[in-house]
2 protein chains.
Amino acid sequence: MIPEATVARLPVYLRALTALADRGIRTCSSEELATAAGVNSAKLRKDLSYLGSYGTRGVGYDVDYLRYQIAREIGVTQDWPVVIVGIGNLGHALANYSGFRSRGFRVVALLDADRSRHQEVVAGVAVRPFDDLEAIVHEHAVAIGVIATPAAAAQDVADRMVACGITSILNFAPAVLAVPDGVDVRKVDLSIELQILAYHEQRKAQVGQAAASVDGVDGLDGLDGAAGVGSGQLDGATIGVDK
Amino acid sequence: MIPEATVARLPVYLRALTALADRGIRTCSSEELATAAGVNSAKLRKDLSYLGSYGTRGVGYDVDYLRYQIAREIGVTQDWPVVIVGIGNLGHALANYSGFRSRGFRVVALLDADRSRHQEVVAGVAVRPFDDLEAIVHEHAVAIGVIATPAAAAQDVADRMVACGITSILNFAPAVLAVPDGVDVRKVDLSIELQILAYHEQRKAQVGQAAASVDGVDGLDGLDGAAGVGSGQLDGATIGVDK
DNA sequence: AGGAGCTTGTGAACGCGAGAACAAAATCTC
DNA sequence: GAGATTTTGTTCTCGCGTTCACAAGCTCCT
Ligand SMILES: NC(=O)c1ccc[n+]([C@@H]2O[C@H](COP(=O)([O-])OP(=O)(O)OC[C@H]3O[C@@H](n4cnc5c(N)ncnc54)[C@H](O)[C@@H]3O)[C@@H](O)[C@H]2O)c1
Ligand SMILES: NC(=O)c1ccc[n+]([C@@H]2O[C@H](COP(=O)([O-])OP(=O)(O)OC[C@H]3O[C@@H](n4cnc5c(N)ncnc54)[C@H](O)[C@@H]3O)[C@@H](O)[C@H]2O)c1
């Protein structure tokens, strides 16, 4: 129903609205909200129009009301239980991350295959054996799992998650996961982000060099609009399994 | 020159090729590589065609040769110096992450505004005062900066980075950064990823409910293809500043 | 050497998202 | 209360990315 690109921006709007509300602002125009969210106002209005007509012409949007509507549409008015698997460097950071709870997610369990970690308590939650996964998923009706294990273990963990009934996975391991239809996978991949930056960085350097060697000394004048403009942030799909 | 969507997938291909090489495979078809990378083979071939004709018809691609060509195109045959600012929970994990060095990036400095952290050494790199940023950037010719501070500090840190000459920023803070033209910003936002999953999760639940109430008892049979299919992973642009 | 069998590289069609532009609706002014 | 002003919601167009389908080209076998 709602385009995927719009769904990806709704959380940004939600955050911007929360920031406005925190500053005591009760009403805002599409222009203001768009600036706060880092998009242009036409796109913002079109995105919001998919949810319904929650604005008032000539006035703008009621911050709290719009916030609630977006939150409801995304589904973060309720609390989502989440399990994190792989409590190493990254898993610890995630477990300690306060942004989870404040945005509608609750870490109900931390799981790790390494026995020596089972004594530990991170952010008030005990680290438990990976084999407890099924019991926990059933007990708390967990639908969302986070994978922070090494890449080699990621597919196994995903398979186990799916077998337990988890239908949404956030994967931090640099591995391509195969999952059945109906299971969503999103990946967060630091190295890929850096490599994309490196690519553009290299191009800037090349253009600079070429301009310098053509113009003579200082090829930096005409570059402002030429380098790194207009490129969006979009990643390849990793959802479902392709046939 | 190369479409942005393709640039974002090249690192995935690179990783898949490395995995194949590690398994001793010297040659692969577009079909095999596409499967390993989680995309379809037509897209893979088109992506690779932007780099040149590095395959052999009837045979496929030489794994090592293609790997080198992609690495060269991305710019990871050279080493990129990187600074990380904000050595808290997440900053520690990033500093300890070995995937950096193995993929063409070298952490040359860890910076934090908090004095009490300046004694610390993480993964062999000392945590230094944030004010050392300029000296470090100049000394090591740093072009890429990583922000792992709280959201409130992110814009300040970005401004300082840009002032020092950094032209690529990877931002982990949940904040919209405004930067001048010519500076690339990519964001990694955990909460947004989770919220996108929550949205789809909620929709699955709604469809399940509707089907159950219409079909009578068990509405789960016909759902396989209906829920969470074909949705890609793409995020709103955060590059450059919009006017 | 020549044909059969693969596999790549690309032209063309299609669908989706971005952005501009405008009409509809609310408030404000007098 | 009527017109001016502001701001939303929507239509339309353009461009990009994905996918299909096939011709071009390489190898192997006979
Ligand atoms: N550290 C980072 O900043 C960072 C950044 C980007 C990506 N990553 C990726 O995130 C993942 C985790 O990184 P890390 O630095 O925390 O690694 P880590 O080695 O510190 O932690 C991995 C944890 O997973 C556990 N584990 C291993 N196999 C398991 C299994 N089958 N089931 C359950 N738990 C298992 C290990 O016991 C360990 O505690 C890796 O795939 C890494 O590539 C990490
Ligand atoms: N921890 C996570 O798993 C996680 C996940 C997603 C996003 N994030 C985001 O990443 C950021 C860091 O998270 P964290 O959990 O590591 O927070 P943290 O509070 O543990 O660490 C933040 C660090 O930044 C330092 N800092 C603050 N202001 C600074 C400044 N102006 N200059 C330099 N350093 C400064 C602080 O001293 C601290 O060491 C936050 O914006 C958070 O929202 C964290």
Side-chain angles (χ1 to χ4, degrees), chain A residues 1-10 12-13 17 25-35 37-63 65-66 69-70 196 229-240 242-243, chain B residues 1-10 12-13 17 25-63 65-66 69-70 229-240 242-243:
Chain A
M1 201 74 173
I2 297 183
E4 196 53 33
T6 297
V7 172
R9 283 188 294 268
L10 290 179
V12 180
Y13 303 153
L17 284 167
I25 297 171
R26 320 279 306 210
T27 279
C28 70
S29 69
S30 64
E31 197 69 52
E32 291 166 318
L33 182 53
T35 303
V39 301
N40 92 11
S41 64
K43 186 155 37 176
L44 170 73
R45 286 200 300 278
K46 177 168 267 196
D47 283 341
L48 294 184
S49 76
Y50 290 112
L51 312 190
S53 287
Y54 297 133
T56 308
R57 297 175 192 223
V59 178
Y61 300 92
D62 181 281
V63 172
Y65 182 57
L66 184 57
Q69 292 299 341
I70 294 179
I196 294 171
V229 249
S231 39
Q233 173 165 355
L234 82 175
D235 282 72
T238 338
I239 295 195
D242 60 330
K243 284 198 280 297
Chain B
M1 200 75 171
I2 297 182
E4 195 55 31
T6 297
V7 171
R9 283 186 296 265
L10 290 179
V12 180
Y13 303 153
L17 283 167
I25 297 172
R26 320 279 307 209
T27 280
C28 70
S29 69
S30 64
E31 198 66 52
E32 293 167 318
L33 182 53
T35 303
V39 302
N40 90 15
S41 64
K43 185 155 39 176
L44 170 73
R45 286 200 300 277
K46 173 146 277 190
D47 283 342
L48 294 184
S49 76
Y50 290 113
L51 312 189
S53 288
Y54 296 134
T56 308
R57 297 177 191 219
V59 177
Y61 300 91
D62 181 282
V63 171
Y65 182 57
L66 184 58
Q69 293 299 340
I70 294 178
V229 252
S231 39
Q233 172 164 357
L234 81 176
D235 284 72
T238 340
I239 296 196
D242 61 330
K243 282 199 283 300

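Residue numbers start from 1 in every chain, and the chains themselves are labelled A, B, ... in the order their sequence lines are given, proteins ahead of strands.
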Would you say that [X] contacts [Y] through its side chain, given a criterion of any heavy-atom pair below 4.5 Å between the two side chains?
X: A:Val39; Y: A:Val12; answer: no
X: A:Ile196; Y: B:Glu4; answer: yes
X: B:Val63; Y: B:Arg26; answer: no
X: B:Tyr61; Y: B:Glu32; answer: no

D:dT18 phosphate, OP1 or OP2, under 4.0 Å from B:Asn40 side-chain N/O: no

Set of residues satisfying side chain to side chain contact (heavy atoms under 4.5 Å, CB included) with respect to A:Thr27, sequence neighbours excluded: A:Val59

Test side chain to side chain contact (heavy atoms under 4.5 Å, CB included) applied to A:Tyr54 - qualifying residues, sequence neighbours left out: A:Leu51, A:Tyr65, A:Leu66, A:Gln69, A:Arg72

Please report the distance, rounded to the nearest Å, between [atom1] in [X] and [atom2] in [N].
X: A:Arg9; N: C:dG17; atom1: CZ; atom2: C1'; answer: 8 Å
X: B:Ile2; N: D:dG17; atom1: CD1; atom2: C1'; answer: 15 Å
X: B:Leu44; N: C:dG9; atom1: CG; atom2: P; answer: 10 Å
X: B:Glu32; N: C:dT8; atom1: CD; atom2: C1'; answer: 14 Å
X: A:Glu4; N: C:dA18; atom1: CD; atom2: P; answer: 12 Å

Closest nucleotide among D:dG17, D:dC20, C:dG17 to the A:Pro3 side chain: C:dG17

Where protein sits on nucleotides 5-13 of chain D, one letter per nucleotide: B base, S sugar-phosphate only, - none, heavy atoms under 4.0 Å: -BBBBBBB-

